[in-house]
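Start at 1 and go down the list; that is how both ligands and their atoms are numbered. Note that these values count all heavy atoms, side chains included, but never hydrogens, waters or copies made by symmetry. The structure displayed is predicted, hence computed values, not measured ones.
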Amino acid sequence: MSDASKQLEGRIAIVTGGSRGIGKAIAHALSAAGARVVIASRKLETLSAVAQEISAATGNEVTPLECHAGKVESVTALYKTVMDTFGRVDILVNNAATNPIFGPALMCEEWAWDKIFEVNLKGAFFLCKAVSQDMLKRRAGCIVNLASTAGISPAAFLGVYSVSKAGVISMTKMLAREWGAAGVRVNAVAPGLIKTDFSKALWSNKAVYDTWVKDNPTGRIGTPEEVAAAVLFLCSDAAAYVNGEVIVVDGGGAL
Ligand SMILES: NC(=O)c1ccc[n+]([C@@H]2O[C@H](COP(=O)([O-])OP(=O)(O)OC[C@H]3O[C@@H](n4cnc5c(N)ncnc54)[C@H](OP(=O)(O)O)[C@@H]3O)[C@@H](O)[C@H]2O)c1
């Protein structure tokens, strides 16, 4: 029987937005499965502390690298540094995302539209494109993009963010189609409401929280670790024939 704790042993993984929330839980899960994980976000100091924390818990190397996920030159530099350091990229998890506005879509100004799309979609695409240089050449690799149930059905007051996540789902399926024959799998995970800083405005408001959990069969919101478990599955060989898929992790809330 194979040792599940070693299922990603020796693999090189990049997790954007790995400094907190879902990204941190993903980095921890991949590291615990044996991967050498690079966590990337904008604040190196925070990243370094998280890298040390995960590494101490799993016994595997975790490397913090500064990167602005919405800037093409920054994600390209991230790829180059990982290649120079490790010589390949086996796994990419595009997790970093932003949402600077909450309210009706009419509230959205051009700067907010640009920020949402730059970080959530444009940067993710160009990081996929960067890692594809190595993955397509080696005819191996796995990409997981963090979408959202809001990308399947637009969430109230999260309109433009929802559109960006619909774009992430479409990009995932498009790349899965184009790269599948070359041995590179591209999938997405679509979380519902998960307890992180990102969604604090929702779960810390009792009225919003109560409305949310009332319609959820599990009667609760999710944890970052529950999302990370789906990402780990998609990154593992157990998902070798899973491609272009979107795994919803929302406790059945979208039913
Ligand atoms: N929480 C939810 O309920 C929920 C639901 C559905 C989908 N999601 C998706 O799950 C993913 C993770 O969400 P989360 O809740 O864990 O968010 P979070 O707690 O706000 O963490 C976001 C992470 O992304 C990084 N980040 C943000 N902007 C960045 C940028 N421009 N460049 C590089 N890194 C950046 C942050 O680090 P720095 O700020 O230090 O850069 C942080 O590490 C996102 O794709 C989100 O859309 C979340």
Side-chain angles (χ1 to χ4, degrees), residues 14-29 37-51 53-54 64-78 92-100 102 112 114-124 126-127 144-155 157-158 160-169 171-172 188-205 208-209 212-213 216 220-228 230-231 246-251 253-254:
I14 300 174
V15 180
T16 67
S19 64
R20 61 174 186 266
I22 294 169
K24 181 180 173 185
I26 293 168
H28 195 128
V37 181
V38 173
I39 51 174
S41 68
R42 290 167 299 179
K43 296 177 197 100
L44 191 56
E45 208 180 322
T46 319
L47 276 176
S48 300
V50 170
E53 180 191 327
I54 297 174
L65 288 178
E66 199 172 315
C67 174
H68 191 306
K71 305 246 178 279
V72 176
E73 65 274 17
S74 190
V75 298
T76 307
L78 170 66
L92 165 65
V93 182
N94 272 313
N95 165 80
T98 192
N99 179 52
F102 185 71
D114 287 346
K115 187 165 178 54
I116 291 169
F117 275 83
E118 269 178 13
V119 178
N120 300 6
L121 194 54
K122 181 179 173 183
F126 281 96
L127 189 49
V144 179
N145 298 314
L146 266 291
S148 167
T149 50
I152 298 168
S153 177
F157 298 124
L158 292 168
V160 175
Y161 168 80
S162 300
V163 177
S164 76
K165 291 297 184 175
V168 168
I169 291 172
M171 177 181 78
T172 298
V189 170
L193 184 56
I194 307 298
K195 195 170 186 179
T196 68
D197 289 352
F198 185 79
S199 57
K200 193 168 182 185
L202 298 176
W203 54 260
S204 64
N205 178 321
V208 177
Y209 180 89
W212 189 280
V213 299
N216 193 296
R220 64 174 179 87
I221 66 172
T223 67
E225 291 72 25
E226 288 168 329
V227 179
V231 174
V246 182
I247 297 185
V248 173
V249 181
D250 74 340

*asked:* So, regarding Thr149 and ligand 1 (criterion: nitrogen or oxygen to nitrogen or oxygen, under 3.5 Å), is there a contact or not?
replied: no

*At their closest point, which heavy atom of His68 faces which heavy atom of Val119, and how far apart are they?*
CE1-CG2, 4.2 Å

*For atom 6 (C) of ligand 1, find the nearest protein heavy atom and state the residue, atom name and distance (0.1 Å precision).*
Pro191 O, 3.3 Å

_Give me the nearest non-hydrogen protein atom to atom 24 (O) of ligand 1 as residue plus atom name, then the distance to 0.1 Å._
Gly17 CA, 3.3 Å

_Using the side-chain contact (heavy atoms from CB on, under 4.5 Å) definition, which of the options Leu193, Asn216, Thr196, Asp250 pairs with Ile221?_
Leu193

*asked:* As an exercise, identify every atom of ligand 1 less than 4.0 angstrom from a heavy atom of His68.
replied: 31 (N), 32 (N)

*Top protein contact for atom 22 (C) of ligand 1, by heavy-atom distance*: Arg20 NH2, 4.1 Å

*Any chance you could lay out the side chain to side chain contact (heavy atoms under 4.5 Å, CB included) test for Met171 and Leu121, step after step, and finish with the verdict?*
CA-CA 8 Å; Met171 177 181 78; Leu121 194 54; 4.1 Å; yes

_Ala69, any N or O under 3.5 Å of ligand 1 N or O_ = yes

*Can Val75 and Cys67 be said to form a side chain to side chain contact (heavy atoms under 4.5 Å, CB included), step by step?*
CA-CA 6 Å; Val75 298; Cys67 174; 3.9 Å; yes

*Protein heavy atom at shortest distance from atom 35 (C) of ligand 1*: Ala96 CB, 3.7 Å

*When you measure from atom 15 (O) of ligand 1 to every protein heavy atom, which one gives the shortest distance, and what is it?*
Thr196 OG1, 2.5 Å

*Hey, is ligand 1 close enough to Ser148 that some N/O pair sits below 3.5 Å?*
no

*Where is the tightest heavy-atom contact between Trp212 and Gly192, given as atom of each residue plus distance?*
CZ2-C, 4.1 Å

_Enumerated ligand 1 atoms positioned under 4.0 Å from heavy atoms of Leu193_ = 3 (O)

*Under 4.0 Å from a heavy atom of Gly192: give me the atoms of ligand 1 that qualify, with their elements.*
3 (O), 4 (C), 5 (C), 6 (C)

*asked:* Tell me the contacting part of Val119 for ligand 1: side chain, backbone, both, or neither, using a 4.0 Å heavy-atom threshold, strictly below.
replied: side chain

*For ligand 1, which atoms have a heavy atom of Cys67 less than 4.0 angstrom away?*
32 (N), 33 (C)

*Identify the heavy atoms of Ala97 and Asn120 that sit nearest to each other, and give their distance.*
CA-OD1, 3.2 Å

*Carefully, step by step, assess Leu127 and Leu78 under the rule side chain to side chain contact (heavy atoms under 4.5 Å, CB included).*
CA-CA 9 Å; Leu127 189 49; Leu78 170 66; 4.1 Å; yes

*Just jot down the ligand 1 atoms closer than 4.0 angstrom to any heavy atom of Ala147, in number order.*
7 (C), 9 (C)

_Please work out, at 4.0 Å between heavy atoms, whether the side chain, the backbone, both, or neither of Lys24 comes within that distance of ligand 1._
neither

*Which of these, Arg42, Glu118, Lys165, has its nearest heavy atom closest to atom 28 (N) of ligand 1?*
Arg42

_How close do Thr223 and Ile194 get, counting heavy atoms only, and between which atoms?_
C-CG2, 3.5 Å

_Given Trp212, Phe198, Trp203, identify the one with the heavy atom nearest to atom 17 (O) of ligand 1._
Phe198

*Run the side chain to side chain contact (heavy atoms under 4.5 Å, CB included) check on Leu158 and Phe102 step by step: do they pass?*
CA-CA 6 Å; Leu158 292 168; Phe102 185 71; 3.7 Å; yes

_Just to confirm my output: which protein heavy-atom neighbour is closest to atom 12 (C) of ligand 1, and how far is it?_
Asn95 OD1, 3.1 Å

*Quick one: closest heavy-atom pair of Glu226 and Val249, and the distance?*
O-CG1, 3.8 Å

_Are any of the N/O atoms on Ala40, whether in the backbone or the side chain, positioned under 3.5 angstrom from an N/O atom of ligand 1?_
no

*State whether the number of non-hydrogen atoms from other residues, nucleotides or ligands found under 6.0 Å of Phe198 atom CZ is greater than 12.*
yes

*For atom 10 (O) of ligand 1, what is the nearest protein heavy atom, given as residue, atom name and distance?*
Ile22 CD1, 3.5 Å

*Which of the numbered atoms in ligand 1 are below 4.0 angstrom from a heavy atom of Ile194?*
1 (N), 2 (C), 3 (O)

*Nearest protein heavy atom to atom 8 (N) of ligand 1, by residue and atom, and its distance?*
Tyr161 OH, 3.7 Å

*Please report the shortest heavy-atom distance between Gly18 and Leu47, naming the atom on each side.*
C-CD2, 4.3 Å

